Novice: 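This is the structure, below, for whatever I ask next.
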Amino acid sequence: MILLCQSVGAWLLFAYAVSASPADESATRGSRRDKGDPALDEKHQDTYGTFASEFYDLRYLSEEGYPFPTAPPVDPFARIRVDDCGKTKGCFRYGKPGCNAETCDYFLSYRRIGADVEFELSADTEGWVAVGFSSDKKMGGDDVMACVHDDNGRVRIQHFYNVGQWAKEIKRNPARDEEGVFENNRVTCRFKRPVYVPRDETIVDLHLSWYYLFAWGPAIQGSITRHDIDSPPVSENVVSIYRYEDIFMPSAAYQTFSSPFCLLLIVALTFYLLMGTP
C-alpha cells in the first residue's frame, strides 16, 4: 500500500511539473516584464538597436557610408569627330590649316538624322558660338542658333533673330536634344532642329539652301555681346543639308599671302629684284 501511494504521488508530481512549468515560466516572465526587469529591458533594447542599425545601413547607406545615395554620373559630352567630315556630315573649319573641332577658331558640322538636322558647334571663346541662316551674306533678317555659356557654367542653346545688327532672342526655340560643355576655354554644343517647320518669319526651313553666317564672342551674365571679329566668316556659297563637304577657311593670320594685294606685291618685288634698277 505504501509503495502504491508513493508511485501515485510521484506520478502526480511529474504531471503537475510538466503542466505547470510553461505557465509558471510565462507568468514569471510576465511578472518580471511588468515589474520592469532591468536585465530584460537591456536585452530588448540591444536587440532592437541591432535590428534598427542593420535596417538603416541596408536601406539608407551607400557602400561608401554616405547617408543618401549619390546621383548617377552624367554622361560626358561626346567629342566631335572630324574624320567623318565630307563623308557622313558636312563641316566648316575656320582657323589654322589642319585644325579640328578642338583647335579651330570656329567649327561647325551638320548632318541629317531622320526628320532633323544635327548641328555641332565649337569656338575658342568663353561666351557664345552661333550659326546664322541667311538669304544673303549680310547680317539682318537671319535665323540664328547660339550656344551661350552662362555664369553658372552651363551651356544653353538659344534662338535669335537678327534685326539689323542686333540679335533679338526668340522664345520659340526649335532646338531639341540639346547638350553643351565649356572646357579648355571653348564653348562646344550639339543640338537638333527639324528640317521642316511651320511657316514663321524667324525660323527657316532647312531643306532650302542658305548662306551660313559663323560668329562667336563674349557673354555678360549669360547674354551675348558683339562678336569677336568685325567681319565674321561666311560660307562662300549657299549650303544644302543634302550635300556633305569639308570646307576650310583660313583665319586672318593665315590669309596674308593669299590675298590678291599681297600676291601682286610679291610679284612686283620679284620682278624688281630680277630686273634690277636702271
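As the structure is a prediction and not an experimental result, all values here were calculated from the model.
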Novice: Within a 6.0 Å radius of atom CG on Asn184, are there more than 12 heavy atoms belonging to other residues, nucleotides or ligands?
Specialist: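 Open: at most 12 neighbouring heavy atoms sit under 6.0 Å from CG of Asn184.
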Novice: Any side-chain heavy atom of Leu213 within less than 4.5 Å of one from Val131?
Specialist: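 They are not in contact (no side-chain heavy atoms under 4.5 Å apart), so the answer is no.
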Novice: Taking only residues two or more places apart in sequence, or in another chain, which ones meet Glu102 in a side-chain hydrogen bond (donor to acceptor under 3.5 Å, both in side chains)?
Specialist: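 Listed in chain order: Arg79.
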Novice: With ring-ring contact (aromatic ring centres under 6.0 Å, His included) as the test, pick out the partner of Phe133 among Tyr110, Tyr212, Trp210.
Specialist: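 That would be Tyr212.
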Novice: Do Pro174 and Pro194 come close enough that some side-chain heavy atom pair is under 4.5 Å?
Specialist: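 Yes, close enough: below the 4.5 Å cut-off.
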Novice: Evaluate the salt bridge (Lys or Arg N to Asp or Glu O under 4.0 Å) criterion for residues Lys138 and Asp136: first the C-alpha distance (whole Å), next the side-chain angles of each, then the deciding distance (0.1 Å), finally the verdict.
Specialist: CA-CA 6 Å; Lys138 300 178 181 179; Asp136 52 29; over 6 Å; no
Novice: Just do the salt bridge (Lys or Arg N to Asp or Glu O under 4.0 Å) check on Glu120 and Lys89 with the steps written out, would you?
Specialist: CA-CA 10 Å; Glu120 297 174 315; Lys89 64 182 180 182; 2.9 Å; yes
Novice: Output yes when Arg93 and Asp105 qualify as a salt bridge under the 4.0 Å nitrogen-oxygen rule, no when they do not.
Specialist: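 Asp105 and Arg93: not salt-bridged.
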Novice: Contact between Phe77 and Thr188 at the side-chain level, heavy atoms closer than 4.5 Å - yes or no?
Specialist: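 Yes - at least one pair of side-chain heavy atoms lies under 4.5 Å apart.
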Novice: Between Cys147 and Phe191, which heavy-atom pair has the shortest distance, and what is it?
Specialist: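 Answer, listing the atom of Cys147 first, then Phe191: SG-CE2, 4.2 Å.
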Novice: Output yes when Lys87 and Asp84 qualify as a salt bridge under the 4.0 Å nitrogen-oxygen rule, no when they do not.
Specialist: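 Result for this pair is no, no salt bridge flagged.
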Novice: Give the C-alpha distance, both sets of side-chain angles, the deciding distance and a yes or no for side chain to side chain contact (heavy atoms under 4.5 Å, CB included) between Arg111 and Val117.
Specialist: CA-CA 6 Å; Arg111 64 169 177 161; Val117 181; over 6 Å; no
Novice: Under 4.5 Å between any side-chain heavy atoms of Tyr244 and Arg112, yes or no?
Specialist: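 The answer is yes; the side chains approach within 4.5 Å.
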Novice: How are the rings of Tyr106 and Phe214 set relative to one another: parallel (under 30°), tilted (30 to 60°) or perpendicular (over 60°)?
Specialist: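 The rings of Tyr106 and Phe214 sit tilted, inter-plane angle from 30° to 60°.
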Novice: Do Phe160 and Trp128 have ring centroids that are under 6.0 Å from one another?
Specialist: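 Trp128 vs Phe160: aromatic centres not under 6.0 Å.
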Novice: When you measure from the centre of the six-membered ring of Phe119, is the NZ or CZ of Arg190 under 6.0 Å away and within 45° of the axis?
Specialist: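 That pair does not qualify as a cation-pi contact.
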